[in-house]
Each structure stands twice: as C-alpha cells, then as structure tokens.
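For the single chain, residues carry numbers from 1 onward in sequence order. Order of listing sets the numbers, starting from 1, for every ligand and every atom in it. Heavy atoms only: backbone and side chains are in, while hydrogens, waters and symmetry mates are out. Here the structure is a predicted model, which is why all the values come from computation and not from measurement.
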Amino acid sequence: MTLTAGVVAVQGDVSEHAAAIERAASARGETAEVREIRRAGIAPDCDVLLLPGGESTTISRLLAREGIDREIRDHVAAGRPVLATCAGLIVASRDANDDRVETLDLLDVTVERNAFGRQKDSFEAPLDVAGLDDPFPAVFIRAPLIESVGDAEVLATWEGRPVAVRDGPVVGTSFHPELTDDDRIHALAFFERAPTP
Ligand code: GLN
C-alpha cells in the first residue's frame, strides 16, 4: 500500500519528517509518497498530514493566507490522521494564549508558547509513551507547555506535564520526534491508529 503523506512546508522542518514517515512505512512493508504543502489543493489528496515545528505565528499566518487552514480542518473532519509537532501542536491547539496565532482547533488542548523547561530551552529526555514498549528519546526545543487538556487522551508526560496527546485522528507532541532516527511516533500517528469508537 502507498500512503500519501502531506508535510506542511510553509515554514519549518520538513525533510526530517519526510524521512521518518518513509522509514515508518518501509518498516511495515509499505511505501509513503511525501508531498510538500505550500499552497492549497495538495492536502485534499493526502491520506495523512504533518504539521511540523518552526514558528507558530508564521505558520498560522501562512496557512490562512494560502487557504490551507480550511483543508486541514476538512481532513480532520473526515477522520484522517494528523501529526502536529511543537509549533505544529501550537497551531493545532484550541487556544495558544497568543493573538498572533490563529489556532486550527484540531486538538482539545490549550498551550503556552515557549513555556516548557524555562531554565533549559532545549533538552532531550527519555519518555514513556502510551502504546510504545520502550522510552522514546524526545527532543524539546523551545517547546510549548500544554496547560490544559479537554476531551483528549494524554499519551505522555514529562515532570507531570502532558507532552503528547491524541484527540481522535490528531496526535500532538511538544517535542520533535523527527530529530532522532526513531520513527515510532510517526508510526503511532499514521500506521497504528486507535480504532474509531
Ligand atoms: N517556539 C516556537 C513557537 O512558539 C516553537 C518551537 C519549535 O517548533 N521548535 O512557535
């Protein structure tokens, strides 16, 4: 089976995510065709979408300008998977406590930008993640704090704070799963979906 994966590429890291999706697919004997999304008209043809890290204010502005925001909402409304990481999680949240970020309201969480790990802007930590047998090496870079979780499942916490959540077809992480060669978060989001109730 070939999975068409759209990586939002208006700003932020793309190639590492593309590589992780391709590895996760080939580990299952499948293939992934990765498309970069910089304009409207591509997301509707994708089976799964990825919202990467970067700068959430810029990403949300460009998504709205290009009309990609509506396509992402339609994708989720159709029950199709999305993985949103770091700034992507901020954009996917219900509220980012920042007027400059127009959130997509795909994940029932509220976030605070740049608030996680105040003393240490960037760090790596082994994380227990629901659905994974061994700890995941999570890289946090000026990560958002998930300050409240509504109707969403917490998949992982760090120092008592949620750092990975699932809300239906959408998985969000405060950390950057593409920056190690461990593709289990991509697999969890795209290939091991929770059964729909
Ligand atoms: N600090 C960035 C923001 O608030 C997110 C950082 C990242 O994606 N690594 O948008």
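Taking each heavy atom of Pro162 and Ser174 in turn, the nearest pair found is O-OG, 4.2 Å.
Using modelled atom types, one finds no donor on one side chain facing an acceptor on the other under 3.5 Å when comparing Arg142 with Ser122.
Taking the six-membered ring where the residue is Trp, Phe123 and Phe140 present parallel rings, their angle staying beneath 30° rather than reaching 60°.
For Arg70, the CZ atom counts as loosely surrounded, since its 6.0 Å shell holds 12 or fewer non-hydrogen atoms of other residues, nucleotides or ligands.
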Short N or O contacts of ligand 1 with protein, under 3.5 Å, listed by atom name?
{"unit_1": "ligand 1", "atom_1": "1 (N)", "unit_2": "Asn114", "atom_2": "OD1", "d": "2.5"}
{"unit_1": "ligand 1", "atom_1": "1 (N)", "unit_2": "Arg142", "atom_2": "O", "d": "3.3"}
{"unit_1": "ligand 1", "atom_1": "4 (O)", "unit_2": "Arg113", "atom_2": "NE", "d": "2.8"}
{"unit_1": "ligand 1", "atom_1": "4 (O)", "unit_2": "Arg113", "atom_2": "NH2", "d": "3.0"}
{"unit_1": "ligand 1", "atom_1": "8 (O)", "unit_2": "Gly54", "atom_2": "N", "d": "3.0"}
{"unit_1": "ligand 1", "atom_1": "8 (O)", "unit_2": "Gly54", "atom_2": "O", "d": "3.2"}
{"unit_1": "ligand 1", "atom_1": "8 (O)", "unit_2": "Ala87", "atom_2": "N", "d": "3.1"}
{"unit_1": "ligand 1", "atom_1": "9 (N)", "unit_2": "Ile141", "atom_2": "O", "d": "3.1"}
{"unit_1": "ligand 1", "atom_1": "9 (N)", "unit_2": "His176", "atom_2": "NE2", "d": "2.8"}
{"unit_1": "ligand 1", "atom_1": "10 (O)", "unit_2": "Ser56", "atom_2": "N", "d": "2.7"}
{"unit_1": "ligand 1", "atom_1": "10 (O)", "unit_2": "Ser56", "atom_2": "OG", "d": "2.7"}

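Linking ILVMFWY side-chain heavy atoms closer than 4.5 Å, directly or via other members, places Val171 and Val129 in a single hydrophobic cluster.
In this structure, Glu147 has no salt bridge (Lys or Arg N to Asp or Glu O under 4.0 Å) partners at least two apart in sequence or on a different chain.
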